[in-house]
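What you see below is based on every heavy atom in this structure, not just the backbone, and it leaves out hydrogens, waters and symmetry mates.
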Amino acid sequence: MNTPQDSSLGQEVVYPSQYDAALLFPIPRAAGRAEIGIAGDALPFIGHDRWQAYELSWLDARGKPCVATATFTVPCDSPNLVESKSLKLYLNSLNSERFNSDEAARERIAIDLSARAGADVMVAFGLPEMSAADDGESIDAQDIEITDYGPPNPSYLSSDEAQIVEEVLVSHLLKSNCPVTGQPDWGSVVLAYRGPRIERSGLLRYLVSFREHAGFHEQCVERIFQEVSTHCRPNRLSVEARYTRRGGLDINPWRATHGSASPIALREARQ
């Protein structure tokens, strides 16, 4: 089984001079899910991981460079996630590769990512629109004391059964760390739900308790979904995290209760 420690993360590497799909490093999702009580193929959520690539280039048939941005959408029921540094190395391996058309380049990337993820990955050139400032109610301005920065502490989560609401809550204070290198990962969380009103100070304390947590982006979002579901008992829940970019890539995992509509793809100002 591939583990993060087997990948190129935290290792000095020579950037590729020629195309090499083998650079893509798949990591099975099963181990991270087992830590939060998810086993087997019957997932308690739907969702995807939306990657946004800002540094993408190849050569046309006559050797002239082409540049693009791109969005990759990996379904959450794929058996593997793709490790981020390996994706960066793979994209750089395209820099000197010739393609007869832009569509040929897009198709090659889709084929390679799908093979490593173990499911069909959608690849589209271009990026989503920027997020509006009013796409939810921010919980960050609360005047509260916080002293707990990890590990993630779901005991802060609670809800008021007497108040049934439907709302979208946003926090830009999410931070976690790469489980291999320890480098910080910064992100914003958009939590949309219907059900008992979630207590805001507890939710903010909970999200801040990820601050020293070591976990991949996808795993953090699945943990948030599971623990909010368990402790706040919403009838419907959607959790999306929009992480800032590193090495020309950012990742935006989304998990939601079955039957939920996919959120509109947006980018934060920090992305």
- Side-chain ion pair, R233 and E161, N-O less than 4.0 Å: yes

- Task: Before giving the answer on side-chain contact (heavy atoms from CB on, under 4.5 Å), spell out for V74 and W51 the whole-Å C-alpha distance, their side-chain angles and the decisive distance to 0.1 Å.
- Result: CA-CA 8 Å; V74 184; W51 294 79; 4.0 Å; yes

- salt_bridge(D112, R116) N-O dist < 4.0 Å: no

- Message: Using the rule given for salt bridge (Lys or Arg N to Asp or Glu O under 4.0 Å), can you reason through D102 versus R106, listing the C-alpha separation, both sets of side-chain angles and the distance that settles it, and then say yes or no?
- Response: CA-CA 6 Å; D102 293 355; R106 189 202 63 80; over 6 Å; no

- Task: Look only at the side chain of S159 and the backbone of C232, and say whether a donor-acceptor pair between them is shorter than 3.5 Å.
- Result: yes

- Query: Quick one: does P234's side chain get under 4.5 Å of R194's, heavy atoms only?
  - Reply: no

- Message: A quick test of your reading: do over 12 heavy atoms of other residues, nucleotides or ligands sit less than 6.0 Å from CE of M122?
- Response: no

- Item | Salt bridge flag under 4.0 Å for residues R255 and D49 | yes

- Mark yes or no for whether S96, through its side chain, and Y19, through its backbone, hold a donor-acceptor pair below 3.5 Å. no

- Query: With the threshold set at 4.0 Å, does a side-chain nitrogen-carboxylate oxygen contact exist between E222 and R33?
  - Reply: yes

- Task: Mind telling me whether F125 and W58 have parallel, tilted or perpendicular rings, with 30° and 60° as the class edges?
- Result: parallel

- Item | Main-chain N/O of P154 paired to E227 side chain as donor or acceptor, under 3.5 Å | no

- Message: Same cluster or not: Y149 versus F210, using hydrophobic residues (I, L, V, M, F, W, Y) connected whenever any side-chain heavy atoms lie under 4.5 Å apart?
- Response: yes

- Return yes if some donor-acceptor pair links the side-chain N/O of D148 with the main-chain N/O of G150 below 3.5 Å, else return no. yes

- Side chain of S114, backbone of V121: donor and acceptor closer than 3.5 Å? yes

- Query: Going by heavy atoms in the side chains, are Y206 and I224 under 4.5 Å from each other?
  - Reply: yes

- Query: Can V170 be reached from L207 by stepping across I, L, V, M, F, W or Y side chains whose heavy atoms are under 4.5 Å apart?
  - Reply: no

- Under a single-linkage definition using a 4.5 Å side-chain heavy-atom cutoff for Ile, Leu, Val, Met, Phe, Trp and Tyr, are I38 and I46 assigned to the same hydrophobic cluster? no

- Is the shortest distance from a Lys or Arg side-chain nitrogen in E240 or R50 to a carboxylate oxygen in the other one below 4.0 Å? yes

- Here the pair of heavy atoms bringing G215 nearest to D185 is O-OD2, 4.5 Å

- Can the positive tip of R245 be found less than 6.0 Å from the middle of the six-membered ring of Y54, inside 45° of the ring normal? yes

- Message: Test your reading of the model: is there a side-chain donor-acceptor pair from S93 to the backbone of P16, 3.5 Å cut-off?
- Response: no

- Message: Assigning hydrophobic clusters by single linkage (Ile, Leu, Val, Met, Phe, Trp, Tyr; side-chain heavy-atom cutoff under 4.5 Å), is F216 placed with W186?
- Response: no

- Message: Run the salt bridge (Lys or Arg N to Asp or Glu O under 4.0 Å) test on E167 and R200 for me, step by step, so that the C-alpha distance in whole Å, both residues' side-chain angles and the decisive distance to 0.1 Å come before the verdict.
- Response: CA-CA 12 Å; E167 61 185 358; R200 285 158 170 70; 2.6 Å; yes

- Hydrophobic cluster membership, L59 vs L91, 4.5 Å side-chain cutoff: no

